[in-house]
**Student:** 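Take this structure first; my questions come after.
What you are looking at is a predicted structure, and each value in this text was computed from that prediction instead of being measured.
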Amino acid sequence: MTFSFTKKNNLKLYLQYTAIFALIAFFVYGTYFVTGHSLIWHLDGAQQHLPLLEEFRKTLLNILRHPFSPWPQWSFKLGLGGDIFQINAYYVTGDLFNYLILLFPASKIIFAYQFLIILRLYCVGLIFCYFASHFSFKNTIILSGTVVYLFNAFLLYANIAQPFFSIPFMIFPLLILGIERVLQQKSIWPLTFAFCWMLFSNFYFAYILGFGALLYLGLRYLITYRKKIGFFKTFFKLGLSTIISLSITAILWVPEMLAVFSSTRSNAPFANGLRLYPLYYYLALPSQLINGGNRNFYFWSALGFASISFFAIVFILIKIKNYPLLGTSFILGLIMLLFPQFGALFNGLTSPSNRWTLMLSLPIAISVCILIGQLDKLTHKTKLTLTYCLAIYSCWIFLTYFFQNDEKLFIPMAFLFISYGFLIYYSSGQKNHSNYAFLALIVVNVIFNAIYFEAPYNGGYSNEMLPLKSFEKLIKTRYAGLDKDIKSSNSYRVSTISQNYNLGNSFHMYNAQPNKLNSITSYYSLQNVNVGDFARKMQNSQYEANIPISQFSDRTVLNNFLGVRYIFAQINQQNSAKIPVNYLPEKASTRSTSGSDNQSDSNDTQTIRYRTKQAFPLIYWQNTVIDSKQLKSMTTTAKERALASGVRVSNSITKHYPKAKLTNDTQELEYYLVSSRGNIVSTSKLEHLDSTETYKIILKNPDNYKDSELHIELSNIKYHQLSLTNQIQIEQIKQATLTSNGIITNNDSYNYYRYLRYHILNGSPDNSFSIKVSSSLGTESITQPKQSELSFYKTVTSGVLNLGYFTSTPKYFTLTPSKLGTYDFKLKIVAEKLGKTYNKEVAKIQKNRLKSLKFSKNNITGTIKTIKNGILTSSIPFSKGWSIYDNGKRLKAIKTNTGFLGAQLQSGSHHIQLIYSTPGLKSGKLISVIGTILTITSLSLLILIRKLFFHKTKK
């Protein structure tokens, strides 16, 4: 495997590639448009990438018009508020293609977003063509490798779902070329450029690609260059290139790195606690290689290449002495795919996500080029080995097919045997146009894979795309028009009802942008760890690392505390009656029906806007505090209720202020638990061995707890799953009981296989479970996700379920565990009265608000007069980027109520100014400026010296 850096003018190759790309893209992207779908994924695309791109365009235009004005660094549009510079650095700023958005008018943003998706993929292929042209391949062979590199399951999914995932496919080949240049004692600048692009693009992918580059460098040096080059001189050049690129790009990666380390993801368990993957992963892994129509990316092992890739890998392993680097890469890649620890290592030491497999695309595509180029040299022994490997591989896939029944394997398997036939036929003698035949075969293969992947039948990927024109409609009617008469302001927020707000097409509103109103929910990869700490402290059962708040289970006090003034809810949807207390209906949209014959109410759709007068101000003053001793004996509901009574600060500050007089507005209810079989049971070692069994939580003296919001507090949750054998035995016994009165006997063999298949494909036994509690107002649940949920995985041991506000307390609730096994947990039912005492405390907080609030870029100002020393507190997420000034004097910013910004104030009149600056941005700017100046200076001197030397030599 020899790289040649002789300059080539291969315009014909790029023109041929363009024609082939246009042909395949017609089927790849045309499938979406023909079936009425856009290229906007209903999750990340519609809720992260496109809204952020729209705002990024506005930011760029503003910078161009006012180049010396400060950059926007804080935004209240990011849930409770967040660092927009850090979020943009992760999603949009580092993607160079996003700057092309300036070429499009504002009215064409949605078109531009989709156009850039296609352009990125096209450029991925261009760069591979450039990379492969450094070898002695014919154009048709390079094009075959390009098609394999481009149209795999990873990119078919990722280039639309997360458009910036296409960028590492461009950068990695350039990294390899740059390293090769340095190893061949050539210029470091191509590598420096690749490093700069890598670090500028995205910190996460820079981490993955950086690891990949180090692995390549180590293997390449040991296998090829160990005895050919000077170690210290070469690695000095590599180190210099690294330092230059790190310094130039520091303006982006320094703030982004700090954001990662101070995000909710930083506490994730390594490899989600897995030592090995579930059995179904290993059963499916071989077929993943060629299953291009596959959408089940088990632990992100997204391969799905053209079927000829199987023979290319086998050929390289057969000829590993001739291709040691490629062969070693495949062996190492297989080992890494077998153990979750490697996935976690490449995923920032968190969940076992095998996104690193994007780097396997390069050696696989090059191997396809080598195989096609070596057709005339295939010996009888090699062909025999390929035949044996095909037989073994096919048997494995056929056997697992009967277990998993994945019909998407039909196309890949058909092309696997066709590819084998082509290899045997074209290697048997001098055949004309063999390269063109293989190119045509691969093109047809990937077209069929793409159509199977995307077509909206049998769960095709296009079902996950928004229909055409849907995003435009979403922007206009997100709140059914009920937001039009509301004045937007950063001083308050809005929310919806949990599991209630349905926008159709499986669209869950994790983010509420673009919209003029600020919602408390947000869905981004980098969430402020302090917001996460608050959510966990308040036992938010909806907590996710990427979505820490959501709707906070509609708990009244927490909605008030977070400044939620308006709530939007839909009738005839789940939890539509579970409205927080004192949120009163203010306006409703036009009621519409589904058009059914009976016109029943259950088919009606209508949005109602609720408003409260008890939302806390964004910033306010309190002079009483809650100390740690008080908190120890309090239930979570009592801690929530205490937010209106005082402020929680560190113990060193607490001692300087009077303690809050806590109310007795929360009370624990007595209850007993009754099985649907009629037995009284305990939450301690609750054996749930019948999937139809439910439990009633029967309240004692319910009339004593009227006009209260009722919370179920679960703690010390432990779930002991049954062994696979026990689960199957229980289900067989149940099935036998159900059919005991029938004439035909029970088919025990079939039932055993059916249950065994079900549990293996679902990863049983595993530690996932759900505990659901239902009331007349709605349903809430606490869920332990599977370890395969990757970044959404969390360890759940406690949580608070809000059952709603009851004027008349019900007699019982229904508790339903999701899985068979033994549950061990503590359960408290706490009634939270929100009457006169609470109203007085809220009124006092509102009176002590920071007045005359003014918001400008990265800046908040206001005034307040206090008669005592106290704490200025807020629901603005705490960050080290905040500076607080009182009458021009800087105060020390402190953390209040676990996760929010505050400061100590003495009595008197205060003009408060809050200024935000992204942590690490100033130092990153300074490093980048110095690094750029030194690099330009050094490069200029080097050019000058070379010119002088050349001039003297010429003389």
Side-chain angles (χ1 to χ4, degrees), residues 48 51-53 55-64 66-95 98-99 164 199-204 206-207 246-266 490 513 518 522 524-533 548 855-861 874 876-885 890-895 899-903 913-932:
Q48 295 178 345
L52 285 172
L53 182 62
E55 289 301 314
F56 184 62
R57 180 182 178 276
K58 295 176 184 177
T59 301
L60 288 177
L61 288 173
N62 188 60
I63 291 174
L64 290 174
H66 310 284
F68 299 106
S69 65
W71 297 349
Q73 296 168 54
W74 183 268
S75 172
F76 281 101
K77 298 294 182 186
L78 305 174
L80 302 181
D83 192 310
I84 189 63
F85 184 88
Q86 291 173 337
I87 292 294
N88 279 342
Y90 187 87
Y91 285 99
V92 292
T93 307
D95 184 349
N98 284 331
Y99 294 86
F164 69 119
L199 291 163
F200 187 77
S201 66
N202 177 277
F203 182 81
Y204 174 67
Y207 176 84
L246 282 170
S247 63
I248 290 174
T249 59
I251 189 171
L252 271 192
W253 69 258
V254 170
E256 195 177 348
M257 182 184 67
L258 293 176
V260 170
F261 290 139
S262 61
S263 72
T264 51
R265 285 191 168 192
S266 60
N490 292 330
Q513 298 307 319
N518 300 341
S522 67
Y524 297 105
S525 292
L526 300 180
Q527 295 282 2
N528 189 320
V529 69
N530 297 299
V531 173
D533 290 344
F855 298 88
S856 57
K857 193 181 295 182
N858 313 320
N859 198 301
I860 308 171
T861 59
S874 71
I876 300 172
F878 182 85
S879 168
K880 292 181 180 179
W882 283 110
S883 300
I884 303 178
Y885 295 87
R890 184 165 182 174
L891 303 177
K892 180 182 178 181
I894 63 172
K895 196 180 294 185
F900 300 98
L901 182 66
Q913 184 179 24
L914 282 65
I915 302 174
Y916 186 78
S917 177
T918 297
L921 181 58
K922 289 182 180 178
S923 56
K925 272 184 184 179
L926 181 62
I927 295 171
S928 289
V929 169
I930 294 173
T932 302

**Student:** Nearest heavy-atom pair of L526 and Q86: which atoms, and what distance?
**Tutor:**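 Taking every non-hydrogen atom into account, CD1-O, 4.3 Å.
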**Student:** Got a donor-acceptor contact below 3.5 angstrom from the W253 side chain to the L246 backbone?
**Tutor:**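 Judged by distance alone, yes, a pair lies under 3.5 Å.
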**Student:** Give, for atom NZ of K77 and atom CG of N490, the distance between the pair rounded to the nearest 0.5 Å.
**Tutor:**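 If we round to the nearest 0.5 Å, K77:NZ and N490:CG are 6.5 Å apart.
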**Student:** Look at the side chain of S928 and the backbone N and O of K925, then say whether any donor-acceptor pair between them is shorter than 3.5 Å.
**Tutor:**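 A pair under 3.5 Å: no.
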**Student:** Given 3.5 Å as the limit, does a donor-acceptor pair link the side chain of N528 with the main chain of F878, or not?
**Tutor:**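 The answer is yes, because a donor-acceptor pair under 3.5 Å joins these two groups.
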**Student:** Please check this pair: side chain of D533 against backbone of G899, looking for a donor-acceptor N/O pair closer than 3.5 Å.
**Tutor:**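 A pair under 3.5 Å: no.
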**Student:** Using a 3.5 Å distance criterion without hydrogens, assess whether the side chain of N858 forms a donor-acceptor pair with backbone atoms of W74.
**Tutor:**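 Checked: pair present.
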**Student:** Less than 3.5 Å apart, any donor N or O on the side chain of D83 or Y916 sitting next to an acceptor on the other?
**Tutor:**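 The criterion, which ignores hydrogens and geometry beyond distance, is satisfied for Y916 and D83.
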**Student:** Mind checking whether F900 and L80 have side chains closer than 4.5 Å, heavy atoms only?
**Tutor:**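 Result yes, sub-4.5 Å side-chain heavy-atom pair found.
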**Student:** Is the side chain of Y90 donor-acceptor paired with the backbone N or O of F85 at a distance under 3.5 Å, no angle test?
**Tutor:**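 No: the side chain of Y90 does not pair with the backbone of F85.
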**Student:** Examine distances only and state if a side-chain atom of K857 and a backbone atom of P70 form a donor-acceptor pair shorter than 3.5 Å.
**Tutor:**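 Such a contact is found between K857 side chain and P70 backbone.
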**Student:** Are any side-chain N or O atoms of Q527 and backbone N or O atoms of S522, one a donor and one an acceptor, separated by less than 3.5 Å?
**Tutor:**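 Side chain of Q527 to backbone of S522, a donor-acceptor pair under 3.5 Å: yes, one is there.
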**Student:** Would you find a donor on one side and an acceptor on the other, under 3.5 Å apart, between the side chain of S75 and the backbone of G81?
**Tutor:**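 Side chain of S75 to backbone of G81: no pair is present.
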**Student:** Is the side chain of T249 donor-acceptor paired with the backbone N or O of F200 at a distance under 3.5 Å, no angle test?
**Tutor:**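 Absent.
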**Student:** Looking at K922, I'd like to know if its NZ atom is crowded, meaning that more than 12 non-hydrogen atoms belonging to other residues, nucleotides or ligands lie closer than 6.0 Å.
**Tutor:**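 Open: at most 12 neighbouring heavy atoms sit under 6.0 Å from NZ of K922.
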